[in-house]
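Notes for the one structure printed next.
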Amino acid sequence: MTTSAPTSATTTPRGGVERYDPATIEAKWQERWAADGLYRTADRVPGKENWYALTMFPYTSGDLHVGHWFAMAPSDALVRFRRMQGYNILFPMGFDAFGLPAENAAIKGGLHPQDWTYANIERMRGQLRRMGASFDWDREVITCAPEYYRWTQWWFAQLYRQGLAYRGEALVNWCPSCNTTLANEQVVDGKCERCDTLTEQRMMSQWFFRTTRYAEQLLANEDLDWPEHVKLMQRNWIGRSEGAEVAFALEEPTATGVDEIRVFTTRPDTLFGVTFMVLAPEHPLVRQITTPRRRKAVGEYVQAAARKTEIERQSTEVTKTGVFTGAYCVNRLTGDRVPVWVADYALATYGTGAVMGVPAHDQRDFDFAKQYRLKVKVVIAPYTGKAKARLTEAYVEPGLAVNSGQFDGMPNTEMKTAVAAYLAERGWGGPRVTYRLRDWLISRQRYWGAPIPIVHCEEHGAVLVPDDQLPVELPYDVEFRPTGESPLALSEAFVNTTCPECGRPARRETDTMDTFMCSSWYFMRYADARNPIEAFSSAGAEAWLPVDQYTGGSEHATMHLLYARFFYKFARDINMVTGDEPFTRYFSQGQILGPDGRRMSKSRGNVVAPDDQVARWGADCFRAYLMFLGPWEQGGPYDVDGIVGVSRWLNRLWTLVVDPPTRTGGPEGGPLASELRRAAHSTLERVTEDLGRYRMNTMIAALMELTNTLQDARATGEADRAAWDEAVELLLLMLAPSCPHIAEELWTRTGHGQDASRGSVHVQPWPAFDPALAARDVVEIAVQVNGRVRERLELPADADEATARAAAEALPKVAEHTTGHEVVRVIYVPGRLLNIVVR
RNA sequence: GCCGAAGUGGCGGAAUGGCAGACGCGGCGGUCUCAAAAACCGCUGAGGGCAACCUCGUGUGGGUUCGAAUCCCACCUUCGGUACCA
C-alpha cells in the first residue's frame, strides 16, 4: 500500500530518530500475518477453550463506511484480548450479498447484479484487510454464492417439511417503486425502507414461515446476556396479549354456512357492554353478510380502504370511519342484538380481524360510537363514587362490574378470567393469547435472491425440489424489467422444468427469498464454512455454536436478531445444534454520526470516508480514535479534528520506545522505579477491566496516561532500566488489541518475536495483574468539614481513623472551621476522605 | 400517546454514594527556530479577590444522606423504538 504519509511525519527526522510511519509498518504486518496464517482457526486446540466471536457481516454496498469500522474495530480489539487470554478464537467474516440494491443498480446502470456484487466484495475485502482485523478469511461466507445458497434453499426445504413454511393468500405490504412485497419490519412510517416510497396493501399469494409458532419461546429472552433495551424491543415487537376469543352468533347464517363472528378481546370483562361489532374491510365475512341494500356503500368503503396507504390510514386517526353492513349478530351472554359495521380501524392482520365494540370502556370504540351515534353501555363502575351518567371519554380504569348479570359486583380484574372460563364452558369461546408478531413473509418478486426451491405441477401442486437437486441456480442471463413479477418469471429456461413427482412439465416458483433468510443462519455456516455435503457438520457445531459474543447495531433488534433466534430454535428442533439461543452474549454499539451530529449521508455532505482517514493517520490511529470517541454503546458525532490527539499519542509512544532514555542508570528500586512499576500495573488493572466491560474509551485513556507517565520518567532521567523495560513491555502488550500494527512493530524492535508465528505480540499471554504492585503506599485524601473540602492530606494507605483524624485536626485550615464547634461525627473512608461533622 | 436511553467546561467525554471535569480536542502563554510547521513545557468551568483564598456549578424544582452528577419524587428537553394491535 502506498499512501501518502502524514505530511509532518517523515519530513523532519528528529535527531536521527526514525519517525513513526504507519503506512509502511501496517502494510508490512498485514502481509506478514496473512503469510504466517496467524488467525487461521483450528476447531480444537489442546488446552484451549473455544470462543466464537462474531461481528455482523456487511451488506455488499461497495464501500466500507465509518459505521462498519466503528462496529468491527473494537470487536477485533476484544477478540485479540480474548486470544491473548488463552482462548482458541473463531472470528470469521463474510458478505451479505443478495438484495435489492444490486438489482436496482443493474436496472439503472446496466451492470449485472452478480458482477456489481462481486466487484464490491473485491473492494470491501481490501478495505477490511487494511483495518488490520484478525479475521479468519479461510471461512469467508458469501451469501449469493451457489455453494452457500444451496444450503439456504435446504433450510427452506427443512422448514417446509416440518410444516413451518407455507403458501398463503395474504394482505401484504407492497412497494410500487421496488415492485415487491416487504415484511412489516421493512416498512418504516408507511414507507419502503429502501426507497422511501409509500407502500400499499395488496392481497397476494406468498410464502411464509410460521414464526408465530415460536412466539412464546422468542418472548422468553430475559436470561440472555444482551442489552436490556434490545430484549425489550423484541418483547414489544412480539407483543403478547392475554384475553379471550368470543364467538357472536350471526342473526342470519351466510350462504356458505358460517354462523358466527369471532373476535379477540383483552377485555372479556366488558363483554356485557358490547353495542356494535366491527369487521376489518378485508375480513372474508364482509361480502357474505352485507345486506343487499347496504352492498353499494360497503363495497365502496372496502375499495377505498384498499387504496389507502399506511400513512393515509394513520392520518385518519382523528376521525374514525366505517359503514354499517345491515347485518346483526347476537351477544350470547345478553341476548342483545348487535349491528355489524365495517371500519378500517379494525386490522385484518391482528387477532381475528374483527373487534367487539365496547364504547364505554375503550377509547377507540368510544370515538367510533360518537361518530355514528351508536349506543354506549356502561358495565364497569369506579370503586369509589358512581359511574358517570354521560361519559366524555371511555372509562378504562379498574372497577366493579355493573349491568353484567351474574357478574355484577365482581372486580373487573377477576371478571376477565371468570368470563373467559364461562365462555369456554358454553362453547362460545374461551381464554386465548394473541401476538402482535406476524408470520414471516419471505417471498420477494425479485431476481437477486435465493430462488425458493419449489416446482408447481398441475397435478401435484407445489412440490419441493429434492435436496440432491439443489441448488436451484439463478440463471445469469435474464432481463431486468421492474414488472411486479420476478425477472425470473421472464426466463423460459429457468421457469420450465419437470415435476419431481411425476416428471411431467411444470413451472418453477419464481419468487426469491428475503435476504434476511440468508443472514439468519450464516453464523452457523462459519462453524464449517467449506462443507460441500452439509450445511455444517455436527462436529463444527459442537466446536463453535452457539456464538459466544455477537456485536452489531441494534437496528437489527426486531429483524435479523429475531429471525436468527427463530432459525436457531428450529435448528435445535431438527437436532442440528444444541442450546436454545444463537448468541449467548450480544453487544450493540451505537451509531456513528457525521461531524454535524446528524446521520451521515451523501446528500448532507457529511460523510467521512474511512479510506481517507486511514491514508492520513494510519489504521491503528483510526481504530484507536473510534474507540476513544466515547462509550461504544452510545456512538456519536465523528469529530475530524479530534483524531490528531490519538495520532500525537502514538507518535510519542513510538518515540519513547524507539528512543528510550539514555540515563537509565537510576538506583535500582528507587522511588521513580517503584512509581513506574505502580503506574504500569494499575494501568493493567484498568485496561483488563475496561476490555472486559466493553469500555474501549477509558481503556485508551488509561494507555495514554501510562504513556504520559513514561514520558515524565524519561524527562526526569533517573529511570531504573528494569522498571522502564517492564513498563514498556506491559504497555505494548496492552496496546496490541487496539493498535495491532504499531504494537507488533515495537514488540519486535524491543527484542521480542523474531519468529512471528511464535513471537508475535498477538500470541503472547495477557499479563497477569498483581494488586500488590499496583497499590500505592502513600495516598492523598480529602479533608472535609461539614462536607466541604478544606484541605488535602498525605497519609499511609493503611492509616486508621484515629491517625487520620489526628493529622487532619492538626491542619490550620481545618482547625479554623472546627474550633468553637462541637464535633458531632467523623466519617473516614480510607484512601478517599475524612469528613468532620460539626455543630 | 406508549416504551426505552440520555442531558456534566467552548467541544467529545471521565467520575454510578466520597476531592466533579480523568483522557483528548480547541484556546491562551512559553521553549526551540531567521521564520513557520512539528515537537516539548505551563495555564485553561464560572464569578469575586493584589493574594492566601472564598462563593457558585453536573437540564429544572423538591427530597433522602455527614456527603448526591450518582439514590427517590415531579417536570422539561433531545435521541431511538413503536403507533387504531382490540
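It should be emphasised that the depicted structure is a prediction, and the values quoted were computed from it without experimental measurement. Worth knowing before you read on, the calculation uses all heavy atoms, side chains too, and leaves out hydrogens, waters and symmetry mates. Here is the naming used below: chain letters follow the sequence lines, and residue numbers restart at 1 for every chain.
With distances taken from any side-chain atom of A:R436 to the nucleotides B:U82, B:G18, B:G13, the minimum falls on B:U82. Which of B:C84, B:C54, B:A22 sits closest to the side chain of A:A701 comes down to B:A22. Here B:G12 is the nucleotide among B:A83, B:G12, B:C66 with the atom lying nearest to any side-chain atom of A:F628. For A:M233, the side-chain atoms get nearest to B:G81 when compared with the rest of B:G81, B:C23, B:G4. The listed nucleotides are B:C41, B:G26, B:C3; the one nearest the side chain of A:V644 is B:G26.
Side-chain contact annotation: A:Y301 with A:T321, donor-acceptor N/O pair under 3.5 Å present. With hydrogens and angles left out, the side-chain atoms of A:R652 and A:T707 include no donor and acceptor closer than 3.5 Å.
Between A:R648 and B:C25 there is a side-chain N or O to OP1 or OP2 distance below 4.0 Å. Distances shorter than 4.0 Å separate none of the side-chain N or O atoms of A:R599 from OP1 or OP2 on B:C79. Contact between the side-chain N/O atoms of A:R695 and the OP1/OP2 oxygens of B:A15 is found at a separation under 4.0 Å. Neither OP1 nor OP2 of B:G24 sits under 4.0 Å from any side-chain N or O of A:N697. For A:Q234 and B:G81, the shortest distance from a side-chain N or O to OP1 or OP2 is not below 4.0 Å.
Here the P atom of nucleotide B:G81 and the CH2 atom of A:W237 are 11 Å apart, to the nearest Å. Atom CG of A:L271 is separated from atom C1' of B:A86 by 13 Å (rounded to the nearest Å). Atom pair A:L703:CG and B:G24:C1' shows a separation of 13 Å (rounding to whole Å applied). Atoms CG (A:L833) and C1' (B:G67) sit 8 Å apart, rounded to a whole Å. Following rounding to the nearest Å, A:I643 (CD1) and B:G26 (C1') show an atom-to-atom distance of 16 Å. Remark: P of B:G18 and OH of A:Y828 are 16 Å apart, rounded to the nearest angstrom. Regarding A:R652, its CZ atom lies at a distance of 14 Å from the C1' atom of B:A38, rounded to whole Å. In this entry the distance linking CD of A:Q591 with P of B:U78 reads 19 Å, nearest Å.
A:K813 contributes no side-chain N or O that forms a donor-acceptor pair with the base of B:C53 under 3.5 Å.
Between A:V829 and A:Q711, the residue whose closest nucleotide on RNA chain B is further toward the 5' end is A:V829.
Ring centroids of A:F276 and A:Y372 are separated by 6.0 Å or more, keeping the two rings apart. Close placement of the A:F368 and A:W341 rings is indicated, their centers lying within 6.0 Å of each other.
In this structure, A:N835 reaches the bases: a heavy-atom distance under 4.0 Å links it to at least one base atom across the strands shown. Within the nucleic acid shown, A:S241 comes within 4.0 Å of sugar-phosphate atoms alone, with no base atom in reach, counting heavy atoms only. Across all strands, A:P631 comes closer than 4.0 Å only to sugar-phosphate atoms, never to a base (heavy-atom distances). Counting non-hydrogen atoms under 4.0 angstrom, A:V837 reaches the backbone sugars and phosphates but no base. Among the heavy atoms of the strands, none lies under 4.0 Å from A:E228. Contact annotation for A:R790: backbone-only contact, meaning every heavy-atom pair under 4.0 Å involves sugar-phosphate atoms and none involves a base. Residue-level contact check: A:V263 touches neither bases nor backbone, having no heavy atom under 4.0 Å from any strand. Nucleic acid contact for A:L629: sugar-phosphate only, since backbone atoms but no base atoms lie under 4.0 Å from a heavy atom of the residue. If you check every strand for non-hydrogen atoms under 4.0 Å, A:I827 touches a base. A:Q363 comes within 4.0 angstrom of nothing in the nucleic acid, heavy atoms only. When heavy atoms are screened at a 4.0 angstrom cut-off, A:N708 is found touching the sugar-phosphate backbone but no base atom.
Across all strands shown, nothing is found opposite B:G57 as a Watson-Crick or G-U wobble partner with both distances under 3.5 Å. Here B:G7 sits opposite B:C76 as a Watson-Crick or G-U wobble pair (both hydrogen-bonding atom distances under 3.5 Å). Shown here, B:G1 forms a base pair with B:U82; the pair counts as Watson-Crick or G-U wobble because both key distances fall under 3.5 Å. Judged by Watson-Crick or G-U wobble contacts below 3.5 Å, the nucleotide B:U64 has no partner. Base pairing of B:A14 is not made with any nucleotide, judged by Watson-Crick or G-U wobble geometry with both donor-acceptor distances under 3.5 Å. A 3.5 Å limit on both hydrogen-bonding distances identifies B:C28 as the Watson-Crick or G-U partner of B:G42. Using the Watson-Crick or G-U wobble rule with both distances under 3.5 Å, B:A35 pairs with nothing in any strand shown.
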Could you list the donor-acceptor pairs under 3.5 angstrom formed between side-chain atoms of residues 630-644 of chain A and any protein atom two or more places apart in sequence or on another chain?
residue, atom, partner, partner atom, Å
A:W632, NE1, A:F70, O, 2.9
A:Y638, OH, A:Q613, OE1, 2.7
A:D639, OD1, A:D641, N, 3.1

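Judged by distance alone, the side chain of A:D439 and the main-chain N or O of A:T212 form a donor-acceptor pair under 3.5 Å. Within the 3.5 Å criterion, the main-chain N or O of A:I836 finds no donor-acceptor partner in the side chain of A:R805. Looking at A:R623, its side chain never comes within 3.5 Å of a backbone N or O of A:C739 through a donor-acceptor pair.
For the pair A:R436 and A:W237, the distance from NZ or CZ to the six-membered ring centre is under 6.0 Å and the angle to the ring normal is within 45 degrees.
Residues meeting the ring pair (Phe, Tyr, Trp, His ring centres under 6.0 Å) test with A:F272, sequence neighbours left out: A:F407.
Nucleotide B:G9 is shown with a syn base, its glycosidic torsion being within 90° of 0.
Between the C1' atoms of B:C41 and B:C76, the separation comes to 45 Å (whole Å). Rounded to a whole angstrom, the distance from the P atom of B:U60 to that of B:C50 is 31 Å. Spacing of P atoms, B:A5 relative to B:G62, comes out at 26 Å, to the nearest Å. Between B:G9 and B:G21, the two C1' atoms lie 7 Å apart (nearest whole Å). Rounded to a whole angstrom, the distance from the C1' atom of B:U82 to that of B:C56 is 43 Å. For the P atom pair drawn from B:G17 and B:G7, the interatomic distance equals 15 Å after rounding to whole Å. For the C1' atom pair drawn from B:G13 and B:A6, the interatomic distance equals 14 Å after rounding to whole Å. The same atom, C1', is picked in B:G48 and in B:A36; the two are 41 Å apart, to the nearest Å.
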